[in-house]
Amino acid sequence: MGGAGNNYWVVLGGPKPGIFREQPFTAQLNGAHYFPIAIHCRRDEYAQKLNQFQTLLKDINEFTPPPDAVRLFLNSDMAQGVLRRDLQCHAIQGFYVVIYGFTPGIYTTWEDCHGAVSGYNNAKYKKLTTFAEAMAWMILKGKKLNEEEPVCTTRAAVLNSSESGFKPSSTSHGTETTRSAALQARLIFDSKSSSHRQSSASLGANLMVTPKAPHTWRTMTPGSVSHAISASPCVHQFIRELSGITGAHYQASPHDDTPLPSFGDMADGYLQSHGYTARAVLCIAHAVEVSQSGEDFVRDISGRGLSVTEARWLWQIITGDNTF
């Protein structure tokens with residue numbers, strides 16, 4: 001998350017509402033109640049505007065049913081329109097709601113949202129276009145109004161090579177270890193899985209465990225194998241169209257100054273490191289622009305040859321929306 005100089009937290013409801021410069025502790029009252037809700041932004045003027053919604057909470061108490069609280073925000077013109085101009089001019093990127101993550105709350109940039117969910121088991125989050133919708137999704141904990149079942153529960157990790165397709169995970173948290181969505185090289189285990197690990201440990205005490213045999217090492221004998229390796233230089237970068245790899249660079253390729261759209265550091269780095277051509281990047285940009293949802297994007301871009309799983313991953317790192 002950004003430096004302390006540009007972090008503002010607005011806490012709506014709860015025993016200590018207001019604006020804070022450091023991350024507040026926002027344990028929810030009575031376990032299942034939906035307030036307090038923490039909102040992170042990068043400017044004082046945004047924090048002041050969001051803090052005005054404290055007045056809307058005067059009609060909400062711990063006995064107010066969640067649907068009634070949601071309707072207050074959805075029917076509020078102020079909640080529907082707050083920060084709309086900032087969103088239109090890209091001063092903020094949207095309202096990212098984190099239901100399950102290291103720091104649940106609402107964020108105004110994908111970078112900050114990503115920091116709250118990256119490496120968290122069964123993280124659940126979504127990008128929304130208005131503050132009213134974000135508050136509704138946060139209050140209902142990812143459910144639709146008048147529905148009992150969650151809209152979706154997704155993992156912070158998107159790609160799993162052992163699965164044939166991309167499927168939403170169940171609402172059980174901490175029973176499996178997932179990979180970081182930020183392409184991190186390490187696994188971070190959720191503290192919520194501690195009870196599962198403890199039960200596994202007690203079960204393991206009754207099992208006979210055979211220790212792994214130590215690795216044995218050998219040296220290569222002189223011959224054709226070492227010669228073949230030296231004769232095959234390492235690939236520096238593949239050349240990739242949406243339909244797949246079309247070639248490879250064995251040395252750093254000359255700098256290409258073709259103007260291309262930017263999707264943010266993470267997405268730009270992904271496309272560049274994987275060798276996507278300017279043509280492929282422009283096709284992706286067009287698909288992002290004309291798509292109304294992740295499903296539209298996947299349908300468009302997979303029709304051009306990209307795999308469905310990678311199309312879903314691209315949509316997530318470009319838009320921050322991981323619902324399909």
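Only this structure's heavy atoms are used, side chains among them; waters, hydrogens and symmetry mates stay out.
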Check for a donor-acceptor pair, side chain of [X] on one end and backbone N or O of [Y] on the other, with a separation under 3.5 Å.
| X | Y | answer |
| --- | --- | --- |
| Asp300 | Asp296 | no |
| His274 | Tyr270 | yes |
| Gln93 | Tyr107 | no |
| Lys16 | Pro24 | no |
| Ser291 | Val288 | no |

Practice problem: Applying side-chain contact (heavy atoms from CB on, under 4.5 Å), run through Val70 and Met135 and close with a yes or a no. | Solution: CA-CA 7 Å; Val70 164; Met135 286 296 295; over 6 Å; no
Are [X] and [Y] linked by a side-chain donor-acceptor pair shorter than 3.5 Å?
| X | Y | result |
| --- | --- | --- |
| Gln48 | Tyr8 | no |
| Thr246 | Glu241 | no |
| Tyr46 | Asp86 | yes |
| Gln80 | Ser76 | no |

Quiz item: If every non-hydrogen atom of Thr108 is compared with every non-hydrogen atom of Cys41, which pair is closest and at what distance?
Solution: OG1-CA, 3.6 Å
Looking at [X], I want to see if its [atom1] is surrounded by more than 12 non-hydrogen atoms of other residues, nucleotides or ligands under 6.0 Å.
| X | atom1 | value |
| --- | --- | --- |
| Asp77 | CG | no |
| Gln272 | CD | no |
| Glu295 | CD | no |
| Phe20 | CZ | yes |
| His249 | NE2 | yes |

Quiz item: Does the ring centre of Phe131 sit less than 6.0 Å away from the ring centre of Phe53?
Solution: yes
[atom2] on [Y] to [atom1] on [X], rounded to 0.5 Å:
| X | Y | atom1 | atom2 | answer |
| --- | --- | --- | --- | --- |
| Leu74 | Glu133 | CG | CD | 7.5 Å |
| Arg312 | Ser302 | CZ | OG | 9.0 Å |
| Phe297 | Glu289 | CZ | CD | 12.5 Å |
| Ser273 | Leu271 | OG | CG | 8.0 Å |
| Tyr34 | Met138 | OH | CE | 13.0 Å |

Quiz item: Can you get from Ile245 to Ile239 by hopping between Ile, Leu, Val, Met, Phe, Trp and Tyr side chains that sit under 4.5 Å apart?
Solution: no
Exercise. Apply the test side-chain contact (heavy atoms from CB on, under 4.5 Å) to residues Ile92 and Thr109: give CA-CA distance (whole Å), side-chain angles for both, the deciding distance (0.1 Å), then the verdict.
Key: CA-CA 6 Å; Ile92 65 172; Thr109 69; 5.8 Å; no
Quiz item: Do Leu314 and Leu306 have side-chain heavy atoms sitting under 4.5 Å apart?
Solution: yes
Practice problem: Using a 4.5 Å cut-off on heavy atoms from C-beta on, say whether the side chain of Ile284 contacts that of Ile301. | Solution: yes
